[in-house]
Each structure stands twice: as C-alpha cells, then as structure tokens.
Amino acid sequence: MRAETQNIVSDIEKSLELLRQRMNWETAQHRLEEFNARVEDPNLWDDPEKAQALMKDRQALVDSLAVHDGIKQELSDNVELIELGEMEEDDEVVAEAEAALKVLKARAAEKELEALLNGEADSNDTFLEINAGAGGTEACDWASMLQRMYVRWAEKKGYKVELQSEEAGSEAGIKSVAYKISGHNAYGWLKSESGVHRLVRISPFGKGTRETSFASVWVYPVVDDNIEIEVNPADIRIDTYRSSGAGGQHVNTTDSAVRITHAPTGIVVTSSEKSQHQNRDIAMKALKSRLYQLELDRRNAAINEAHENKGSAGWGNQIRSYVLQPYQMVKDLRTEHETSDTQGVLDGALDGFMAATLAMNVSGKSRAEAAGED
C-alpha cells in the first residue's frame, strides 16, 4: 500500500477512535439495550413528552453507532480491495479503492466534527432570527436572500423548518423573520451563524451602483422541557396585534399575533402563525430559550463573544462577507475560510463554514493559524 494511502487509512482510523470516545463506546451497546427495553414498555406513551425525549435519545445513539460501523466497514472493504488489487496487479481496482478512501476520509472528518457537538444544548432544536440592518430596501432584500439560504441548508440536512413570524419590507424583501428549525444538532451547527452578514453587489433596484448591505442573524436553542427557566409574570408585557405577511401561506390577517417583551433584559419575541393561545405558548417558549441562551453565554466565554459580535447590523461588526461584485467570494472573518462558489453558498452550502468555526472553537485557533503550524 502506498504511503499516501496508508496516511489516509490512518486519518480515518483516528476519526473512528474519536467517534468511539464521544459515544462512550464501552457502554454504548448496553445503553442501546436499555433504550430498547424501555421502548417496549406498554406504558411509555402515557407521558408523550417523556416518550418523545427517550425516542430522540435512542435514535441519536442508533445513528452514531450506524455511522461508526458504516465507516469502519467501508474502510475494511476498500483496504481489502487494495490488497487484492496489488496482489493481482490490477491497477484499476487499486485506483478505484484509493479514490473511495479519499471520499471516505472527508466523510469521516465531517462526522468527527459532528461528534464534537457536545455542548450543553448542541443537540437541541433551534430558533433562527434574521433582521435587516443598514441599507434600507437593499438590506431587506439581503435579509430575504439569507432567509432562503438558511431554509435551503436546513432542508438539505433533513431538518423540519417552521415559520414563527415574518415582517415584510416596505418595498422588497423582509425586515425580519423567525424560524424554529428542528433536528438533531440543529443548534450545534447553526450557533456559529450568529452575527452580522455583509453583502457587496451591484444593486438590483435600478441604481446600477455597487451597494453594501447588512443583516444580522441570531441563533438560540429551543429549551428542553426538563430545563427549568423561571419567568416572573411581573417582568413581561404581552401585546396582541394584527399581523401581516408577504402573502401566500404566510398571510395572517387576524388579531392573533403575540409579542412578549421581557423588561429586565429587553428581549422581545413574537409569534404570528397560529391561534392567539398557541402564539402565547410559542412566544413564551422562545423567551425561555432566549433567557437560557443568556445563561449559556455567561458560562461560555467563546459563545458569549460570538453573540456580542452580533452588535448593530452595520460596519465593523460583520462575521462574514459575501462579495458578488467586482469578484466572487464568500469569506468568514473569524476563521479565514473562504470560497468563490458564491451561488453554492447562497443555495445553502454552508457546512464548510460551520465546520471551520466548530474546529476553531475546539482547538482555540483559526483555520489560518492552524495551517501556519504545519
């Protein structure tokens, strides 16, 4: 086996070892047996919320085991093919197996990064808010582009996307939008997106000039029911109002929208898609999630710094630049990760940026700093 191929095999084996460490390999099979025994309990669904939490935890373990075993089996199969091809001097078989190992290495590295999503709320569902910043109509249009980008990313991940509220721009795009995104590690992946996103392009609104627009993204976890967050009723103001969306499935012309303001923190949350009673429940959950995020921020300096960088949506606060003119480039200012595939990014190809930020958070170094040590 060539030295280059042996190095690839070694990298995959290191990824497998990390996956085993993260899932506590020694007890994983025993825990799965316990889950299976509890699932067979005929009284399990007497408490639907508890049952759903159990099923979620079980599925996460099943998925982790399947990922590990799948990579391990594929590694073994391709190593055997290479050895067989070398014995029979079949260069085509060897080349195909080596190519497959390169693809497997990339997938193993991605799963290794996912395994590092072990923060207190990383596995939770998440709320995602987008707000247009400096730039007027241009900014509202940019906010709608980000809305499309994140929805496409989530759908590619197989996540469930639920619109919570939306305010249309006066001429185009949106002033603000809020989603609940549900799926394993939804918050862990998206938390790195909190901050100001800057767009440079030729104006599509007849000006023909190069314009710079800003929009802010705010991500916070959906609080599990087993996490108790106390909210003093005297600290909140609840307002109802007539909501209006951009039309189609989002239109809502009843006085059912709910806005909750938390006086001590200044946090404002809204919900405008269902009945007033349901909206109160949705908004309260969102408020508790925001308060929980504040507590996470106090305990995690790195996350706190990232959220403080959100600041005002304008110059000096951006975490990522999307340049469409005079050249094509999307660059994350924290990790130095960049790509010229701007259309791919705007179509939801964000995993590279998220992975780079996750790796930086784990190692404490930016991508550029880590590369400089090689």
Side-chain angles (χ1 to χ4, degrees), residues 8-41 44-45 47 49-79 101 104-126 157-159 181-192 219 221-228 289 292-293 295-296 299-303 351 354-365 370:
I8 292 174
V9 171
S10 177
D11 287 340
I12 297 172
E13 289 175 339
K14 289 177 182 177
S15 293
L16 285 170
E17 176 58 29
L18 186 140
L19 290 174
R20 286 192 288 270
Q21 291 176 7
R22 292 294 171 179
M23 72 173 79
N24 296 318
W25 184 256
E26 294 78 8
T27 63
Q29 196 60 47
H30 177 66
R31 283 183 285 123
L32 180 58
E33 291 173 358
E34 287 186 342
F35 277 133
N36 291 338
R38 293 172 66 184
V39 166
E40 294 174 0
D41 184 349
L44 173 66
W45 289 95
D47 186 339
E49 291 184 357
K50 186 176 180 180
Q52 289 174 359
L54 172 66
M55 297 299 289
K56 181 180 178 180
D57 290 342
R58 177 187 176 278
Q59 191 59 50
L61 179 57
V62 168
D63 291 344
S64 296
L65 289 168
V67 165
H68 173 275
D69 292 347
I71 292 173
K72 182 179 179 181
Q73 186 62 54
E74 194 171 338
L75 172 62
S76 177
D77 291 345
N78 282 292
V79 168
L101 283 177
L104 182 62
K105 175 187 173 181
R107 184 159 65 89
E110 178 186 352
K111 296 303 179 182
E112 178 183 338
L113 280 171
E114 287 185 4
L116 295 173
L117 293 171
N118 62 346
E120 186 170 5
D122 281 354
S123 64
N124 289 26
D125 301 337
T126 191
K157 284 284 189 182
Y159 291 157
I181 299 177
S182 305
H184 184 57
N185 285 336
Y187 173 69
W189 279 117
L190 277 169
K191 66 183 180 182
S192 65
V219 178
V222 175
V223 178
D224 290 337
D225 291 333
N226 59 353
I227 299 176
E228 294 186 7
S289 292
Y292 178 59
Q293 179 68 49
E295 179 58 30
L296 287 181
R299 286 184 267 163
N300 190 323
I303 294 178
D351 285 357
M354 294 176 180
T357 306
L358 177 60
M360 181 187 72
N361 290 342
V362 171
S363 67
K365 299 182 179 68

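Numbers here are sequence positions counted from 1.
In this structure, the separation between OG on S15 and NE2 on H68 is 10.5 Å, given to the nearest 0.5 Å. One distance of note links CD of Q52 with CG of D47; it measures 9.5 Å at 0.5 Å rounding. Distance check, rounded to the nearest 0.5 Å: CG of N185 to OG1 of T126 gives 11.5 Å. For the atom pair CD (E112) and CG (L18), the distance works out to 4.5 Å, reported to the nearest 0.5 Å.
Shown here for E13 and L75, the closest heavy-atom pair between the two residues is CG-CD2, 3.8 Å. Nearest heavy atoms, P221 versus N124: CB-CB, 4.4 Å. Counting all heavy atoms, side chain and backbone alike, V222 lies closest to S289 at CA-OG, 3.4 Å. Summarising the geometry of L19 relative to K111, their closest heavy-atom pair is CD2-O, 3.5 Å, with the distance given to 0.1 Å. In terms of heavy atoms, D125 sits closest to S182 at OD1-CA, 3.3 Å. Nearest approach of V219 to L190, heavy atoms of both residues: CG2-O, 3.5 Å.
For R20 and E17, the salt-bridge test passes: some basic side-chain N is under 4.0 Å from an acidic carboxylate O.
Under the 4.5 Å side-chain criterion, counting only non-hydrogen atoms from C-beta, M23 is not in contact with V67. Side-chain contact between R107 and E74 is present, with heavy atoms from C-beta onward closer than 4.5 Å. Annotation: side chain of D351 is in contact with side chain of K157 (closest heavy-atom distance under 4.5 Å). Within the 4.5 Å cutoff, the side chain of V39 has heavy atoms near those of the M55 side chain. Looking at heavy atoms from C-beta onward, W189 lies out of side-chain contact with T357 at the 4.5 angstrom threshold. Counting heavy atoms from C-beta outward, D57 and L61 have side chains that stay 4.5 Å or more apart.
For the residue pair D63/Q59, the side-chain donor-acceptor check at 3.5 Å is satisfied.
Screening N78, L101, L104 for a side chain to side chain contact (heavy atoms under 4.5 Å, CB included) with V9, the sole residue that qualifies is L101.
Without hydrogens or angle criteria, S64 side chain to A60 main chain gives a donor-acceptor distance under 3.5 Å. Using a distance-only test at 3.5 Å, with no hydrogens or angles considered, a donor-acceptor pair links the side chain of Y159 to the main chain of H184.
Applying the side-chain contact (heavy atoms from CB on, under 4.5 Å) rule to E33 yields the partners Q29, H30; only residues at least two apart in sequence or on another chain are considered.
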